[in-house]
2 protein chains.
Amino acid sequence: MPQSNKKSMTLTTAEENYLKAIYHLSEGGKKGVSTNDVAAEMKTKPASVSDMLRKLGEKEVIEYRKYYGVHITDEGKKLALQTIRKHRLWEVFLVEKLNFAWDEVHEVAEELEHIQSPLLIQRLDAYLNYPKFDPHGDPIPDEFGDVRARPRVALNEMEVDQTGQIVAVKDSSAAFLRHLDKMGAYIGARIKVLDKVEFDGSLEILVDQKKTLFMSKDVAGNILVQQS
Amino acid sequence: MPQSNKKSMTLTTAEENYLKAIYHLSEGGKKGVSTNDVAAEMKTKPASVSDMLRKLGEKEVIEYRKYYGVHITDEGKKLALQTIRKHRLWEVFLVEKLNFAWDEVHEVAEELEHIQSPLLIQRLDAYLNYPKFDPHGDPIPDEFGDVRARPRVALNEMEVDQTGQIVAVKDSSAAFLRHLDKMGAYIGARIKVLDKVEFDGSLEILVDQKKTLFMSKDVAGNILVQQS
DNA sequence: TTTCGAATTTAGTCTTATCTAAAAATAAAT
DNA sequence: ATTTATTTTTAGATAAGACTAAATTCGAAA
Ligand SMILES: [Mn+2]
Ligand SMILES: [Mn+2]
Ligand SMILES: [Mn+2]
Ligand SMILES: [Mn+2]
């Protein structure tokens, strides 16, 4: 029998991590998420994933048809967004209050997001003054799982002379973030595309109307801009 | 072979909880801690405890001789105090920053204490301004596991006319703490013993030179006072 | 339509942490 | 010094979450 999710569905830490991965892999694409994709994202083996998918299916947070990938259910989406909310609120706390660098917060938040206490999150949210975005520019869902997304475009997609503001990064790895720090790029920076090099697609960018810098197409592809 | 604890010994969450329990049960008494005592403290069965003791013994954080109870080792004491430090720092955070009541913090801190991040604790400590005591008056060990204990006596042991200041509680259960709130007793309150009733050992206490209140011997036994 | 390679699932093993029931050891009482 | 009562340990089971190796299914190519 399927789990009667009358009231509250409780997930283990492992289940929360898998569900979050599935949610993220679902974003954009309408087609199901494959076992291999989940395994890659979670750094586990496909066999382990199959097992977990069965369990998540029984709990009705995903729709699971063997061999055909999974779709997240509404209930699952709500739970995933709750975990994401907690993750991002903790990241804000670490950066704003404990002076962590933005490349130091992810691993710790990955643990903190599993602390079970609605009161804690409610109070933390208030303490942080109800932030709308995390240190990487990602939106923080509200307690009902609603996210207000900003329209944004990858920097490498912009044309010469277009302007905007860096609002987020696609890649939150420490290596990438430290590279941005070194270059002098940061969330909130006003930018203008000065040139796009034919040869390798790299870009020349004007930052805050004073500094110009070059970045590879690859780097620019992981910077998200709100155009203006 | 015993775990070569050359450098850093890492414990699981369950192991940390058991070790903390053993540490607390060790305090005061010089004789070993019994399997049954640990089982009672951990709300698990003695059979489960035996298993865990064997594991903790192999990791050399306790000295384990079958049938004769356990003694915590120096290494074990250091690790237990580290977990206790984290627990109490988080409790301070919850009360001071997130406005939790002192009877609401224990369960959450019981989870937060297992987050693995030396940087996090170091920063949290600084953010809280290096507190020396938690919301229940218990001392917070420093990063080397050193505790500076205050001399203190249970309120029911005091004589009539003696004075002092409430500095801690022995029982941190929500029920007891809420009772203290209702009575108007709190950490830091200046008190004087006005009377000790022959009949049932209950006490009449003057609080902050203005309010008098009656409390049972049982309640007084869980209030710790620094005499003056 | 058959075949073949990749993706996926199943089967079986391992570790951690718990339990119940049974056996063994210790401590206490005759 | 035995016998008993209590405590503790062992044996065997279960559940979660991972793995490897083997079997199965799917879909694309021939
Ligand atoms: Mn996580
Ligand atoms: Mn983030
Ligand atoms: Mn704990
Ligand atoms: Mn405390």
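So you know, we letter chains A, B, ... as the sequences are listed, proteins then strands, and number each from 1.
Between the CE atom of A:Met52 and the P atom of D:dA16 there is a distance of 10 Å, rounded to whole Å. D:dA16 atom C1' lies 17 Å from atom CG of A:Leu19, rounded to whole Å. To the nearest angstrom, P of D:dA18 lies 12 Å from CG of A:Leu53. Rounded to whole Å, the distance from NZ on B:Lys59 to P on C:dT15 is 13 Å. Per the geometry, CZ belonging to A:Arg54 stands 14 Å off C1' belonging to C:dT8, to the nearest Å. Look at CG on B:Leu11: it is 14 Å from C1' on C:dT16, rounded to the nearest Å. As a whole-Å value, the separation of A:Arg65 CZ from C:dT8 P is 13 Å. Counting to the nearest Å, the P atom of C:dT16 and the CG atom of B:Leu56 are 12 Å from each other.
Note on B:Thr35: a side-chain N or O is less than 4.0 Å away from OP1 or OP2 of D:dT9. The side chain of B:Tyr67 places no N or O atom within less than 4.0 Å of a non-bridging phosphate oxygen (OP1 or OP2) of C:dA23. One finds a side-chain N or O of B:Tyr18 lying less than 4.0 angstrom from the OP1 or OP2 phosphate oxygen of C:dT18. At the phosphate of C:dT26, neither OP1 nor OP2 sits under 4.0 Å from any side-chain N or O atom of B:Lys66. Between D:dT6 and B:Asn36, no contact under 4.0 Å exists linking OP1 or OP2 to a side-chain N or O. Of the side-chain N and O atoms in A:Thr12, one or more sit less than 4.0 angstrom from OP1 or OP2 of D:dG17. Contact between the side-chain N/O atoms of A:Lys55 and the OP1/OP2 oxygens of D:dG17 is found at a separation under 4.0 Å. Between A:Thr44 and D:dG17, a side-chain N or O to OP1/OP2 separation shorter than 4.0 Å is absent.
The aromatic rings of B:Tyr127 and A:Tyr127 sit perpendicular, their planes meeting at an angle over 60°, well past the 30° parallel limit.
Heavy atoms of B:Ala14 sit under 4.0 angstrom from primed sugar atoms or phosphate atoms, though from no base atom. Counting any heavy atom pair closer than 4.0 Å across all strands shown, B:Asp51 reaches a base atom. Heavy atoms of B:Ser48 sit under 4.0 angstrom from at least one base atom.
Donor-acceptor pairing under 3.5 Å is lacking for the side chains of B:Asp134 and B:Trp90. Side chains of A:Glu16 and A:His114: a donor on one and an acceptor on the other come within 3.5 Å. In summary, the side chains of A:Asp37 and A:Ser34 do present a donor paired with an acceptor at a separation below 3.5 Å, with no hydrogens or angles considered. Between the side chains of A:Thr44 and A:Tyr18, at least one donor N or O sits under 3.5 Å from an acceptor N or O.
Taking the six-membered ring wherever Trp is involved, the centroid distance between the rings of B:His106 and B:His87 falls below 6.0 Å.
For A:Tyr68, counting side-chain heavy atoms from C-beta on, the closest listed nucleotide (D:dT8, C:dC19, D:dC26) is D:dC26. The listed nucleotides are C:dT8, D:dT10, D:dG17; the one nearest the side chain of B:Ser50 is D:dT10.
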